[in-house]
Amino acid sequence: MKDSLNTLFRELNPEQQKAVEETEGPVLVFAGAGSGKTRVLTYRIAFILKEQKASPWEILAMTFTNKAAGEMKNRIQHFGDKNKNLWIGTFHSIFAKILRWEAGLLGYSPDFVIYDADDKERLIKTIMEDTGIPLQNYNPRSISESIGRAKNGLVSPESFIASINTPFQEVVSRIYPEYQNRLRINNAFDFEDLITVPLRLFSENPEVLEKYQRRFKYILVDEYQDTNKAQYRLVYQLAKKHRNLCVVGDDDQSIYRWRGADVRNILEFEKDFPDSKVFKLEQNYRSTQTILIVANSVVEKNAARKAKKLWSAKEMGEKVDVIETADEREEAQKVVEKIKEEVFRKKRTFRDFAILYRTNAQSRALEDDLRRSGMSYIIVGGVRFYERKEIKDILAYLKIIVNTKDSVSLKRIINFPLRGIGDSTTQKMEQWALERGLHLFESIRRIKEITDIPLRIQKNISNFYDLIQKYISLKSKISPNELVRTLVDEIGLMTMYKQDPSIENQSRAENIREFLAAVSEYVDSSESPSLSEFLEQVSLITDVDAWDDKSNAITLMTLHCAKGLEFPVIFITGMEEGLFPISRSEDEPEALEEERRLFYVGLTRAKEKIYLSWAEKRRLFNESYFRLPSRFLDELDSSCVHKMKPHPRKHVKFTSNDFKQEVTYTCDTHPDYESYSQEVDPYRCGTRVHHQTFGKGKIVSVEGKGKKKKVVVRFDSGGQKKFLVQYAQFEIL
DNA sequence: GGCAATAGGCTTTTT
DNA sequence: GCCTATTGCC
């Protein structure tokens, strides 16, 4: 171990080495993209162990993704295989583990299940139905998000009620306390709970907090800029005793503000810990100089950031190519063309490429073309595997077997596959349970006592009860693997899907097979496999975690997903106003800065070459829209950019379809369209208008025709608003 | 209670 | 354009 440490120490630059050796007291490491952040973290742990400052189980290292945690674990294994007992994991998995141990103190049993966004929404819907809040007026998802935001910001149901400003918040304030109540009844936690409940646990039980404070002599936090208020408090609490806290992050890569992440946590670390040591890692080992110049030129436009400048000892490298295309199909073609060129010219292979985009929906056009060209690709993200309906159905069975109190899962499967227990019956049973303060599962067990359910249906219910009961008793006798296979077989899922030869059912059957394989894999890899541990793993996994760089394929994913990864060649597609930066960020400077950081993250994924592309016309939802190039393209250091002119278009052809569609056209860049247009209409892009209330402005987009015609006007005062032309009473200037 | 047809919502990003 | 949830009919 000593040898390998010495060898590797030579690989650290002076700043990295200082950050590794400064083990005592609070330490803040600003680690720019590609500056060897993971290396510093792992060496630091290895160094602490080597100096025998702590035992492995006294070191806690927290990350945001399983992938990052796994990489850290892997690298540390190189230093010695006794390091298995280190506490390395995601925030959520670490605290899920602690919650299992301390569940009793919270009125939970250790078999609790973890609800994902879908379960959460179902529960909220149930509450809305029960409390008579009309689903039509309030969207359960917005309510779920609102509650999530409150929890991340440590706003309790009580304080939420105290700060109501809108009717919507009033509705949320009625649901929020009941939601927490039902979670407890269902013996379930949601994602936010995994962070906020430990905090409550610690504040209500100081002796428990002290136990963990004493245990964790050294605490490390990765991607500190992504912590939210709750996570920050949790870290702060745990580190208070030994004060050996090392946080590593990069404010320029903070891209999860919308999820409650608070950059202030990293920017104000020195305020929270006045005696902290600060290190800045600014040498980038990943990218060419050109790439860093371009990336810096973009992120410098942000006001809220710590001054720093990444540099590289590498060569200048190639310029960034900006590609302008006619529509998203041509964009895809160009990307494919460039990949072919790179493969041919530079002898690159598919795994060298990543195609990034802002929204998952953009992947389709790219996929179509890649498939046509016979190039292998993998999509990371999108519809997550464990969130697919057929998988969630099986998971719901498993959750019930582990925790019969979980009424959300119970309702999901009570009549799936169809067994003659319909909605009205379920409602009767719920009502019966509610009146007696029992769980829904109790109604099922004691179905004979519910006399207003016909005998025939009672029989169906008691069959269902026997089925679940059988697996509950099997749970301790056979492995999760055998149990799941028997279950899938008994409820006839595979036969059900296979019977129908439609593509979607075939792919469902395929997914179930994949799921069964995942269970086997879990059983093989775990020391003491249990159903409940498997469920936890599944709940906390993401698709990036499953991304493996071994297969030789082009990677497609969102910019968010790409964080922490690197590729020789990066494509960032859809560089258009309204898409990137996404339209919702336009009127909020902080959101816009976050978009810019996201762009920065994308750019710094590249080792050698960057292609940026945008399309003049793009299909979104079901309509075509004309587009303007992203403002970010203007922010690139022009000396490092090479603009590729679109193919000379001899005739801009518009099919009759183009005129039938309801399109948004932006005219400044499309004089061609004007000459083809049969409509003489003063309300088009670029027209300056005056509005009674808002003053003077310019039309920036148009949609719809006739009476439905709407325009978006950007006013000189700064704001932007959409109007129905019919009612707006504009004065044309 | 079951099933097929239709309406409606959505697309920013995720542990 | 897709997926899901709801509706209306059997």
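Here is how names work: the chains are called A, B, and so on, in the same order as the sequence lines, proteins then strands, and each is numbered from 1.
Proximity of N66(A) to the phosphate of dT15(B): no side-chain N or O atom is located under 4.0 Å from OP1 or OP2. Within the structure, a side-chain polar atom (N or O) of S424(A) is placed less than 4.0 Å from OP1 or OP2 of dG1(B).
dT15(B) has no stacking from F64(A) on its base ring, since the centres under 5.5 angstrom apart and planes within 30 degrees of parallel are not both found.
Taking S254(A) as the reference, nothing meets the side-chain hydrogen bond (donor to acceptor under 3.5 Å, both in side chains) condition, with sequence neighbours excluded. Not counting sequence neighbours, the partners of N511(A) by the side-chain contact (heavy atoms from CB on, under 4.5 Å) test are F385(A), R388(A), E390(A), I391(A), S507(A), E514(A). Qualifying side-chain hydrogen bond (donor to acceptor under 3.5 Å, both in side chains) partners for S526(A), counting only residues two or more places apart in sequence or in other chains: E533(A). For the side-chain hydrogen bond (donor to acceptor under 3.5 Å, both in side chains) test, no residue two or more places apart in sequence or in another chain qualifies with S583(A). For T196(A), there are no side-chain hydrogen bond (donor to acceptor under 3.5 Å, both in side chains) partners, not counting sequence neighbours.
One can place NZ of K411(A) at 15 Å from C1' of dA5(C), the figure rounded to the nearest angstrom. Between the CD atom of E390(A) and the C1' atom of dC3(C) there is a distance of 13 Å, rounded to whole Å. As a whole-Å value, the separation of L559(A) CG from dT14(B) P is 10 Å. Rounded to an integer number of Å, the gap from E367(A) CD to dC2(C) C1' is 13 Å. The distance between atom CG of D118(A) and atom C1' of dC3(C), rounded to the nearest whole Å, is 13 Å. Taking atom CG of residue L356(A) and atom P of nucleotide dT13(B), one finds them 14 Å apart after rounding to whole Å. The interatomic distance linking R388(A) (CZ) with dT4(C) (C1') rounds to 15 Å, in whole Å. E387(A) places its CD atom 15 Å from the C1' atom of dT4(C), with the value rounded to the nearest Å.
With F632(A) as the aromatic partner, R596(A) does not meet the cation-pi criteria of under 6.0 angstrom to the ring centre and within 45 degrees of the ring axis.
Here the side chain of F191(A) is nearest to one of dT15(B), dT14(B), dG1(B), namely dT15(B). Closest to the side chain of N415(A), from the set dG2(B), dT4(C), dT13(B), is dG2(B). The nucleotide whose nearest atom lies closest to any side-chain atom of K125(A) is, among dA5(C), dT4(C), dT15(B), dA5(C). Side-chain proximity of T90(A) to dT15(B), dT13(B), dT4(C): nearest is dT15(B). Taking every side-chain heavy atom of H560(A) into account, dT13(B) is the closest of dT13(B), dT15(B), dG1(B). Residue T558(A) places its side chain closer to dT14(B) than to any other of dT14(B), dA5(C), dT15(B).
Comparing I457(A) and L598(A), the nucleotide of DNA chain B nearest to each residue sits closer to the 5' end for I457(A). Of the residues near DNA chain B, I421(A) and I255(A), the one whose nearest nucleotide (by heavy atom distance) lies more toward the 5' end is I421(A).
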Please write out each protein N/O paired with an N/O of nucleotides 6-11 of chain B under 3.5 Å, distance rounded to 0.1 Å.
unit_1, atom_1, unit_2, atom_2, d
dT11(B), OP2, R141(A), NH1, 2.0

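Under 4.0 Å is where a charged nitrogen must lie from a carboxylate oxygen, and between R259(A) and D226(A) no such pair does. With respect to the salt-bridge test (charged N to carboxylate O, under 4.0 angstrom), the residues D369(A) and R372(A) qualify.
Among the heavy atoms of the strands lying under 4.0 Å from T425(A) are primed sugar atoms or P, OP1, OP2 only; no base atom is included.
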